[in-house]
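The next block holds one structure in the form of structure tokens; read it before the comments.
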Amino acid sequence: MKADTQQEQDSIRVRFAPSPTGHLHVGGARTALYNWLYARKTGGKFILRIEDTDARRSTRDSYEGILRGMSWLGLDWDEGPDKGGDYGPYVQSARGVLYHADAQKLIDEGKAYRCFCNPEELEAKKEEARLNKLDPVYDRACRDLEPGEIERRLAAGEPHVIRFRMPLEGEVRFDDIVRGRFTFSNADLDDFVLIKSDGRPTYNFAVVVDDTRMRISHVIRGDDHISNTPRQVHIYLALGYRLPKFAHLPMILGGDRTRLSKRHGAVSIDHYAEKSYLPDAMINYLALLGWSLDGKREFFERQALIENFSLKRVSKNPAVFDNDKMEHINAEHLKKMPLIRKTILAYHTLESAGCIPADFSVDLSKPVDLKLIGGTEPVEDTAAEGEKIFNEREFRRLAMILNVYGNRIKLLKDLPSMLRYLYKDDFPRDEHACHTWLKEERARERIRLLADGLEELKYFDVATVEEALRSLADRLEIDAGELIHPCRVALTGQSVSPDIFWIIVFLGRAKSVERLRAAAAPRG
RNA sequence: GGCCCCUUAGUCUAGUGGUUAGGACGCUUGGUUCUCAGCCAAGAAUCAGGGGUUCGACUCCCCUAGGGGCUACCA
């Protein structure tokens, strides 16, 4: 109860035990994360176990999807179905003998019994009970069958389940790290099923057998399992097994405060991966859903999360998943990401969208030279005819572009459409913006003058370009904005962009002049 | 219906008997500026309700209400 001894520290073993009946969703990921954080923090082991006792709903796709999701989040496990370990197998469908051995033990000791009632009858009875406003619980019809009758029906091959013989009186209690002590009255518990008629264990039974055999020290799971825990405690006790420590996590809800589900839209981790959220940001946000360090600090790198996580600071209240906050955390992580790393990620994104020119291929298997990105010196005119573009130079150009774009980038996925005009001529154009800024002949005339001015510049760096544009505006006796806005539309097709002088330099002299002239061409 | 859990702004939370109830997202306003984003500054907004206990309750107890979970041969 007090501080764990060193020996106990060493034997901390936690697990994430999803059932492969769907994608890894936000709630499951959060549960996995807390288990993982606890293991990594304490130096314990994190085990992945697949609970596929529901043969009908379990699929291979789900199994793979869950592993993929975990890997994307960077939640690595020490033992699991694909890795093995000393306490396998790690898939429940392969552990049948273990469940049967313990079930038989309970039957032998009179703590469980075979029940031959068929599901239809039971359902009918329950329905009737409901109509009479009685508790729709199993009526324990088979609790005290004569041994002879059991033998006979068994021999006849009658399908049956094995049920737990719940004590009629008394109570169970257990402690929860986040909730404190629970006491449940046995009278409120029924003779629940341990082994189904298809021979597979039910969740409540399998989880006890497995957590015990896998030496799980802390059961960290969603609080939708609180009501199941007294049943499980009964099984632990009946089998003479030692109780693990429990920590029940608050649920994650949707905007309508009901349990998060597909109805609420984006609940699959895959969705966030596809949308190019950063795994570290996802983990950071998920950690905040039900846990806080001091209510002030919210940005955590992965390692900081591990160092600061504590089950004792897990909240009791359910939390509503807030996409705005998720996006904000993602933006924070993007903001703090080293430029080189961001550039590499951006490169991949642009490449798969077909934006990057074919001859741009930085060898990312080798460390990238920091000097490539350092400094703010101007990028030379890269569009010179027939000039070979060196990889490193393009890489640096991309890095500088990202640097200038700064916080405007919310998701890497937005990059291709955002930056297309820098790589291709068929970039999207905002009709309304073109109309607003390039409709008047007078405006186009100014743009032509700007093009002329740029063409004559001796140097083509940001300062020189800016100076040229501003002095032209002075000569024309107009605000610089009168030049800048139409120029922006002409070069990027949009009415918003980062610093226009940088854009001009990134595009290069030839391309800039070409686009300005095209946009300013006199109209019939 | 029964059992169990939860309740601080729209959302995530800090808070453990005495605080101007703190932070964050979002929102509003102003500043910076070539637009946008950002950044800076300011602002609106909260202890579900009712009883107790106490000199004093957001903090402790009870009730009510609301929400959630379990009540499966789902997990």
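As the structure is a computational prediction, the values presented were derived from the model and not from experiment. Each chain gets a letter, A, B and so on, in the order its sequence line appears, and its residues count up from 1.
On the P atoms, B:rU53 is 44 Å away from B:rA42, given to the nearest whole Å. Spacing of C1' atoms, B:rC47 relative to B:rC60, comes out at 15 Å, to the nearest Å. On the P atoms, B:rA24 is 10 Å away from B:rC40, given to the nearest whole Å. For the P atoms, the distance linking B:rG22 with B:rA9 amounts to 14 Å, nearest Å. Taking the P atom of each, B:rA44 and B:rC36 are spaced 26 Å apart, rounded to whole Å. B:rC58 and B:rU46 have their C1' atoms separated by 10 Å, given to the nearest Å. Rounded to a whole angstrom, the distance from the C1' atom of B:rG67 to that of B:rU28 is 30 Å.
Taking atom NZ on A:K316 and atom P on B:rU16, their separation rounds to 14 Å, with Å as the unit.
Nucleic acid contact for A:V193: sugar-phosphate only, since backbone atoms but no base atoms lie under 4.0 Å from a heavy atom of the residue. Among the atoms of the strands shown, only primed sugar atoms or phosphate atoms (P, OP1, OP2) are found under 4.0 Å from some heavy atom of A:T53. Looking at heavy-atom distances under 4.0 Å, A:G255 makes no contact with the nucleic acid at all. A:S292 comes within 4.0 angstrom of the backbone, heavy atoms only, and of no base. Residue contacts shown for A:R221 are absent, as no nucleic acid heavy atom lies under 4.0 Å away. Using a 4.0 Å heavy-atom criterion, one finds that A:F182 contacts the sugar-phosphate atoms exclusively.
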Are any protein N/O atoms closer than 3.5 Å to N/O atoms in nucleotides 22-25 of chain B? If there are, list each pair with its distance.
from, atom 1, to, atom 2, distance (Å)
B:rG22, O2', A:K296, NZ, 3.3
B:rG22, N2, A:G295, O, 3.1
B:rG23, N2, A:E298, OE2, 3.2
B:rG23, N3, A:G295, O, 3.2
B:rA24, O2', A:E298, OE1, 2.5
B:rA24, O2', A:K325, NZ, 3.1
B:rA24, N3, A:K325, NZ, 3.1
B:rC25, OP1, A:H328, NE2, 3.4
B:rC25, O2', A:K325, N, 3.4

Collect all protein-nucleotide pairs involving nucleotides 43-47 of chain B in which both atoms are nitrogen or oxygen and the distance is under 3.5 Å.
none

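Listed by chain and residue number, nothing satisfies the side-chain hydrogen bond (donor to acceptor under 3.5 Å, both in side chains) test with A:R200 (two or more places apart in sequence, or in another chain). In terms of the side-chain hydrogen bond (donor to acceptor under 3.5 Å, both in side chains) criterion, residue partners of A:D52 (sequence neighbours excluded) are, by chain and number, A:S93. A:R429 pairs by the salt bridge (Lys or Arg N to Asp or Glu O under 4.0 Å) definition with nothing, not counting sequence neighbours. For A:H23, the side-chain hydrogen bond (donor to acceptor under 3.5 Å, both in side chains) partners at least two apart in sequence or on another chain are A:D270. Applying the side-chain hydrogen bond (donor to acceptor under 3.5 Å, both in side chains) test to A:R56 and every residue at least two apart in sequence or in another chain returns nothing.
For residues 463-475 of chain A, the set of pairs meeting the salt bridge (charged side-chain N to carboxylate O under 4.0 Å, His left out) definition, not counting sequence neighbours, comprises A:E466-A:R470. The salt bridge (charged side-chain N to carboxylate O under 4.0 Å, His left out) analysis of residues 316-327 of chain A, with sequence neighbours excluded, yields the pairs A:E298-A:K325. For residues 404-419 of chain A, no pair satisfies salt bridge (charged side-chain N to carboxylate O under 4.0 Å, His left out), with sequence neighbours left out.
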How would nucleotides 61-70 of chain B be written as a contact map, 5' to 3', with B for base contact, S for sugar-phosphate-only contact and - for no contact, using protein heavy atoms under 4.0 Å? ------SSBS
5' to 3', nucleotides 30-37 of chain B under a 4.0 Å protein heavy-atom cut-off (B base, S sugar-phosphate only, - none) gives ----BBBB
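Geometrically, A:R302 does not engage A:F300 in a cation-pi contact, judged by NZ or CZ lying under 6.0 Å from the ring centre and within 45° of the ring axis.
The nearest heavy atom of RNA chain B to A:K126 and to A:Q92 marks one nucleotide each, and the one closer to the 5' end goes with A:K126.
Separation of the A:F246 and A:F174 ring centroids falls under the 6.0 Å cut-off. Ring centers of A:Y203 and A:H225: under 6.0 Å apart, within the cut-off. Aromatic ring centres of A:H333 and A:Y277 lie farther apart than the 6.0 Å criterion allows.
Distance check: A:I409 CD1 to A:L419 CG gives 6.5 Å after rounding to the nearest 0.5 Å.
Set against B:rC4, B:rG2, B:rC73, the side chain of A:T202 has B:rC73 as its closest nucleotide. Of the candidates B:rC5, B:rC3, B:rC12, the closest approach to any side-chain atom of A:L289 belongs to B:rC12.
Side chains of A:R509 and A:L457 form a contact here, defined as non-hydrogen atoms less than 4.5 Å apart. Residues A:L154 and A:F116 form a side-chain contact, since some pair of their non-hydrogen atoms from C-beta on lies under 4.5 Å apart. The shortest side-chain heavy-atom distance between A:C487 and A:L516 falls under the 4.5 Å cut-off.
Summarising the base pairing, B:rU19 is matched to no nucleotide, lacking a Watson-Crick or G-U wobble pair whose two defining distances lie under 3.5 Å. Nucleotide B:rU54 forms no Watson-Crick or G-U wobble pair with any nucleotide shown, as no partner meets the under 3.5 Å limit on both distances. In this structure, B:rC47 makes no Watson-Crick or G-U wobble pair, since no nucleotide meets both defining distances under 3.5 angstrom. Remark: B:rC3 base-pairs with B:rG69; criterion is Watson-Crick or G-U wobble with both hydrogen-bond distances under 3.5 Å.
Distances shorter than 4.0 Å separate none of the side-chain N or O atoms of A:R30 from OP1 or OP2 on B:rC12. Proximity of A:K196 to the phosphate of B:rA72: no side-chain N or O atom is located under 4.0 Å from OP1 or OP2.
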